[in-house]
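Scroll down for the structure; my scribbles are underneath it.
Computed from a predicted model, the values in this text were never measured in an experiment. Values below: every heavy atom of this structure, side chains too, minus hydrogens, waters and symmetry copies. We count ligands from 1, going down the list as the structure has it; atoms in each ligand are counted the same way.
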Amino acid sequence: MTTNGAAPHGLFISFEGIDGSGKSTQARRLARTLRAQGRDVVLTREPGGSTGAEEIRALVLQGDPDRWSAETELLLFTAARRDHLERTIRPALAAGQIVLCDRFADSTRMYQGLSRGNLRTAVDVLHDLMIGQEPELTLLIDMDPGAALARAKARATIEERFEDFGQPLQDAMRAGFLALAKEFPNRIRVIDGTRGEDDVAADILAAVVPRLTNLQP
Ligand code: ADP
Ligand code: TYD
């Protein structure tokens, strides 16, 4: 209980955007900034963010691009998210913490709903049935897909099932994410990610600060 007797309720923020747009960099930075203010922050990511979901992450991000059908992949991402919600996100919010999540359900709406067959209806039905929760604020880092892909390719990782799809997929994703921002205008804020890290971070902080007012410092 807080001092006014209300049950604590934290703040749930997600970062979205195409691969290489700077989500992880900015999520880490925001976590540092908020922690320096003495706030209690949980920095997490999808797919992953809990023990079981991290195991599913390896299944969906490694190996041949054709390893899973679009439908099976959607079920795996949804299973990972359900575990992450149960084990990490909901307990943190119940404890009054700020949850910063690198990707959440909008990524499924885009990557599975749009790119791998036209599964958006199935994505929405599964989300309502199994997840039923949205972030209070989503920071969509928007940038030119060519530049983002060059950034993403500069990282050497074995998690390449999606990056292997290349620029046409990234183009479709960018347009799809911007359309999502129009679909959810109260939740999603579009941030120009083409600029230097400091400028992007300043815009993000300006979007987040008004949401902190109901939290304990
Ligand atoms: P994402 O999580 O969206 O895939 P990252 O945060 O991992 O993106 O960034 C991808 C790469 O681009 C990293 O090497 C990172 O250091 C670099 N990077 C991130 N933000 C910027 C920026 N504003 N300007 C230039 N490079 C950046
Ligand atoms: P991530 O590690 O965030 O990649 P990046 O740092 O390159 O942006 O996410 C890995 C990949 O998983 C990414 O290409 C998008 C994909 N993904 C989905 O296809 N569906 C989902 O629901 C999520 C959360 C991620």
Test your reading of the structure: does Gly20 have an N or O sitting under 3.5 Å from an N or O of ligand 1?
yes
When you measure from the heavy atoms of Gly17 to every atom of ligand 1, does any distance fall below 4.0 Å?
no
Checking Asp40 against Arg35 for the side chain to side chain contact (heavy atoms under 4.5 Å, CB included) test, could you report, in this order, the C-alpha distance in whole Å, the side-chain angles of both residues, the deciding distance, and whether it holds?
CA-CA 6 Å; Asp40 200 355; Arg35 283 174 183 149; over 6 Å; no
Could you tell me whether the side chains of Glu134 and His127 share a donor-acceptor contact shorter than 3.5 Å?
yes
Classify the side-chain pair Glu16/Ser107 by whether it contains a donor and acceptor separated by less than 3.5 Å.
yes
Numbered atoms of ligand 2 (with element) below 4.0 Å of Lys23, judged on heavy atoms:
8 (O)
Taking the six-membered ring of Phe15 as reference, does the NZ or CZ atom of Arg103 fall below 6.0 Å from its centre and within a 45° cone about the axis?
no
Quick note on ligand 2: atoms under 4.0 Å from a heavy atom of Leu61 include exactly 10 (C), 11 (C), 12 (O)
Do ligand 2 and Arg81 have nitrogen or oxygen atoms that lie under 3.5 Å from each other?
yes
With nothing but distance in play, are any N or O atoms of Val200 less than 3.5 Å from an N or O of ligand 1?
no
I'd like to check which ligand 1 atoms, numbered from 1 as shown, lie under 4.0 Å from a non-hydrogen atom of Thr25.
5 (P), 6 (O), 9 (O), 15 (C), 19 (C)
Using a 4.0 Å heavy-atom cut-off, which part of Gln26 comes near ligand 1: side chain, backbone, both, or neither?
neither
What atoms of ligand 2 come closer than 4.0 angstrom to any heavy atom of Arg57?
2 (O)
Judging by distance only, is a nitrogen or oxygen of Tyr111 under 3.5 angstrom from one on ligand 2?
no
So which of Asp19, Asp106, Ile18, Thr25 gets nearest to atom 14 (O) of ligand 2, if we judge by its closest heavy atom?
Asp19
Could you tell me, atom by atom, which parts of ligand 2 come under 4.0 Å of a heavy atom of Thr108?
21 (C), 22 (O)
Heavy atoms, side chains only, cut-off 4.5 Å: are Leu100 and Val41 in contact?
yes
Go through the steps for Phe177 and Asp106 under the test side chain to side chain contact (heavy atoms under 4.5 Å, CB included), then give the verdict.
CA-CA 8 Å; Phe177 272 122; Asp106 295 320; 4.2 Å; yes
Is Ser24 close to ligand 1, meaning an N/O of one under 3.5 Å from an N/O of the other?
yes
With only distance considered, is Glu46 within less than 3.5 Å of ligand 2 through an N or O on each side?
no
Would you say ligand 1 has an N or O under 3.5 Å from any N or O of Asp19?
no
Over 12 foreign heavy atoms within 6.0 Å of CZ, Arg187:
yes
Walk me through it: do Leu205 and Thr33 pass the test side chain to side chain contact (heavy atoms under 4.5 Å, CB included)?
CA-CA 9 Å; Leu205 194 60; Thr33 303; 4.1 Å; yes
Quick one: which ligand 1 atoms are inside 4.0 Å of a heavy atom on Glu197?
20 (N), 21 (C), 22 (C), 23 (N)
Under a 4.0 Å threshold between the charged nitrogen and the carboxylate oxygen, would Arg189 count as salt-bridged to Asp142?
no
Side chain to side chain contact (heavy atoms under 4.5 Å, CB included) evaluation trace for Leu180 with Glu183:
CA-CA 5 Å; Leu180 261 192; Glu183 201 178 321; 3.6 Å; yes
